[in-house]
Structures are given as structure tokens and as C-alpha cells.
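Below is one structure, written out as C-alpha cells; the observations come after it.
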Amino acid sequence: MALWSKEMFWAFLALLAAAGADQLSVIHPFTSACAVRGSTLTLPCTFTPLKSVIRDGKRVPLKIIRVSWCQNHEICQDFSTSVYDSDSEDNDPRYQYLGDKKANCTLQITDLQPKDDATFRFRMQADDPKGHFTNRTGVKVTVVDGAKLWIKGSRDNRTFSGGEAASLRCTSTGCTFHQLNISWFRDGRPLPESGPVLRLGPLTAEDSGNYTCALETNINTQSEPYSLQVEAGTAEGGVQLGAVMIARLVLFSVITVITVIVASIIIAALHPRSRDVQKIQASKDNPADEL
């Protein structure tokens, strides 16, 4: 199931607001969601109310006067099943209405509990019964135990070569998370990355280790370790080979310089004697020079 960022969500609302403005509707971008007990889940929602109705032969503008969210009730008309009611002063603080009475009907559920494993529906009521409406499909929420968290790698083989990329997804058996605030650990030490997916690469030997994931709000939900091993691959091996070659070239250059210096010293030391030999040879060739 796709992950929704804040930017994607508001773009979605803007798109819905621009389309079908004259149609009575309540729209959810997804009809099911899965989250871990104790986590926070946001149910994006947008609605389009009727703008007006004909009353006594005249067109009269409508106004939304009440909004609510309920659990399981088919049309959300029995307010005893409501988890949020704009007319109530006794709403459970775990259910926060992030919307308004114009277009946004988003609900956020904090500290998810097993009783939240239900279908949530939104209902709007206008100052005329013709403007009342409930989306009967709603959103089916599944709540799973955090103890069931586990890590799925980008491939079954947990051994990677240096220079490759890998991704680890924190998930739960039988549940694909819509959104999840996750902390990641390697060998028990926290990593700066967060979110359901941890992306690694290009891999080096330092990335080897035992990875775990847990809810940011509950460290006790930490998953079983996922052992990832990184072997020297083409990229990493190439770097090592390049370093060896450079070292050899430097050593060869140093030896060459030293050899040249030593040879120069030896030649300089022998040079005066060579001039004496040249003078003696020249006097033998020209006896008159000795007179």
C-alpha cells in the first residue's frame, strides 16, 4: 500500500476540491489501513456537501452544521457508536478531528488499541436533511500486535557485495502498513533513519550487522534481528586494488629517486680523478708541452 506524505495528502485534497464540486460525496484515498497497536494512524478524508436545495420553489444555500466519525455503524446515524462528534464535548482525545465543516474530514487516531480494529465511517449533516450523507464504504482499520514486527529484505539472500544497494522493510505478518513511525537499529545502536523502509547503499563492510526495527513510541516492539553481510565486491575491491597500485607506484618512484641520487654522488666523487687521467694522457700525446 502506498505511503502518503503530507505533500501528497494536501495535493490529493486540492485535486478533489477542484473536481466534482457540485456532487455530494465523501471520499477516502484508501478503504483499508493497517497499523501497529500503540502507533498513530491518520485517515485522510475529503467531502463535498450540497451547496443548496430547492425549498418552497426557491434555491436556498445549505450549511454543514455537524460532522462525526463512528465505528461499524452502517450510516453513522447512531451517535452512540461515534468516536468523534462535533456536537459533543466528551470526545475521546485519542480521536482527533483534523478537518473542518467545509471540505476536510481527516481523522487521526493515536495510541491504537485492539478495539480500533473496525470500520470507520464519516457522516456530515446539513441544516436540511437533503444534505445529510455518509460514505458507507468507510475505512477498514486492522490493528496488529507490535510483537509481530519483522524485517523483509530487498532479496532473500542476506549477503550483498560492496557497492550494491539494499532496502529493509519493517512489516508484520499478514499486514502491509499504510503509515508507520519506525526507529532502526544496527547491533543495538540507533540509526538516524526512520520510516517503514531503510535504504542502504552503496554498501561497504561497515554496513554489515544485525538490524532491528521498532515503533518510535514503544521500543519494546523491537523486531527479531535481520543479519546483513557485506562482502568485498567489484566497487570495494576496485578501491582496494587502486590503493595497492598507488602504494606500489609511490614506492617505485622513491626507489628511483634514491638510485639517481646515489649514482650522482658516485659520479661526482669519481669525476676529479677522471680529469687527472685526461691531463696525463694529453701530456703523453704532446711532449712539447713539457718543455
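Computed from a predicted model, the values in this text were never measured in an experiment. Side-chain atoms are counted along with the backbone in the values below, which use heavy atoms only and exclude waters and symmetry mates.
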* Taking it one step at a time, do Arg94 and Asp116 satisfy side chain to side chain contact (heavy atoms under 4.5 Å, CB included)? -> CA-CA 11 Å; Arg94 290 197 309 112; Asp116 296 318; 2.9 Å; yes

* Plane angle bin for Tyr95 and Phe120 - parallel if under 30°, tilted between 30 and 60°, otherwise perpendicular -> tilted

* Under the 3.5 angstrom rule, does the side chain of Ser154 hit a backbone N or O of Ala166 as a donor-acceptor pair? -> no

* How far does OG of Ser68 sit from CE of Met124, to the nearest 0.5 angstrom? -> 11.0 Å

* **Inter-residue atom distance Trp184.CH2 - Ile151.CD1, 0.5 Å rounding** => 4.5 Å

* Structure fact -> Rounded to the nearest 0.5 Å, the NZ atom of Lys51 sits from the CG atom of Leu24 at a distance of 10.5 Å

* To do: Report the residues that fulfil salt bridge (charged side-chain N to carboxylate O under 4.0 Å, His left out) with Arg66, sequence neighbours left out, ordered by chain and then residue number.
  => Asp85, Asp87

* **Gln108 and Thr42 side chains, donor-acceptor separation under 3.5 Å** => yes

* **Asp78: salt bridge (charged side-chain N to carboxylate O under 4.0 Å, His left out) partners, not counting sequence neighbours** => none

* To do: Step by step, work out the side chain to side chain contact (heavy atoms under 4.5 Å, CB included) result for Glu231 and Thr159.
  => CA-CA 7 Å; Glu231 298 179 342; Thr159 300; 3.5 Å; yes

* To do: Using ring-ring contact (aromatic ring centres under 6.0 Å, His included) as the criterion, list what pairs up with Phe160, not counting sequence neighbours.
  => none

* To do: Any chance you could lay out the side chain to side chain contact (heavy atoms under 4.5 Å, CB included) test for Arg121 and His73, step after step, and finish with the verdict?
  => CA-CA 8 Å; Arg121 294 182 176 90; His73 195 277; 5.7 Å; no

* When you check the side-chain N and O atoms of Ser52 and Arg59, is any donor under 3.5 Å from an acceptor? -> yes

* To do: Identify, with sequence neighbours excluded, every residue that meets side-chain hydrogen bond (donor to acceptor under 3.5 Å, both in side chains) alongside Glu216.
  => none

* **Contacts of type ring-ring contact (aromatic ring centres under 6.0 Å, His included), residue Phe47, not counting sequence neighbours** => Phe122

* With sequence neighbours left out, write down each residue that passes side-chain hydrogen bond (donor to acceptor under 3.5 Å, both in side chains) with Lys140, or none if nothing qualifies. => Asp117

* Is the backbone of Val67 close enough, under 3.5 Å, to the side chain of Ser86 for a donor and an acceptor to pair up by distance? -> yes

* For the student: nearest non-hydrogen atoms of Ser223 and Leu149, plus distance -> CB-O, 3.3 Å

* Would Leu203 and Leu191 show up in the same hydrophobic cluster when neighbours are defined by side-chain heavy atoms closer than 4.5 Å? -> yes

* Heavy-atom side-chain proximity of Tyr211 to Leu200 below 4.5 angstrom -> yes

* Where the side chain of Ser88 meets the backbone of Asp90, is there a donor-acceptor pair that is under 3.5 Å apart? -> yes

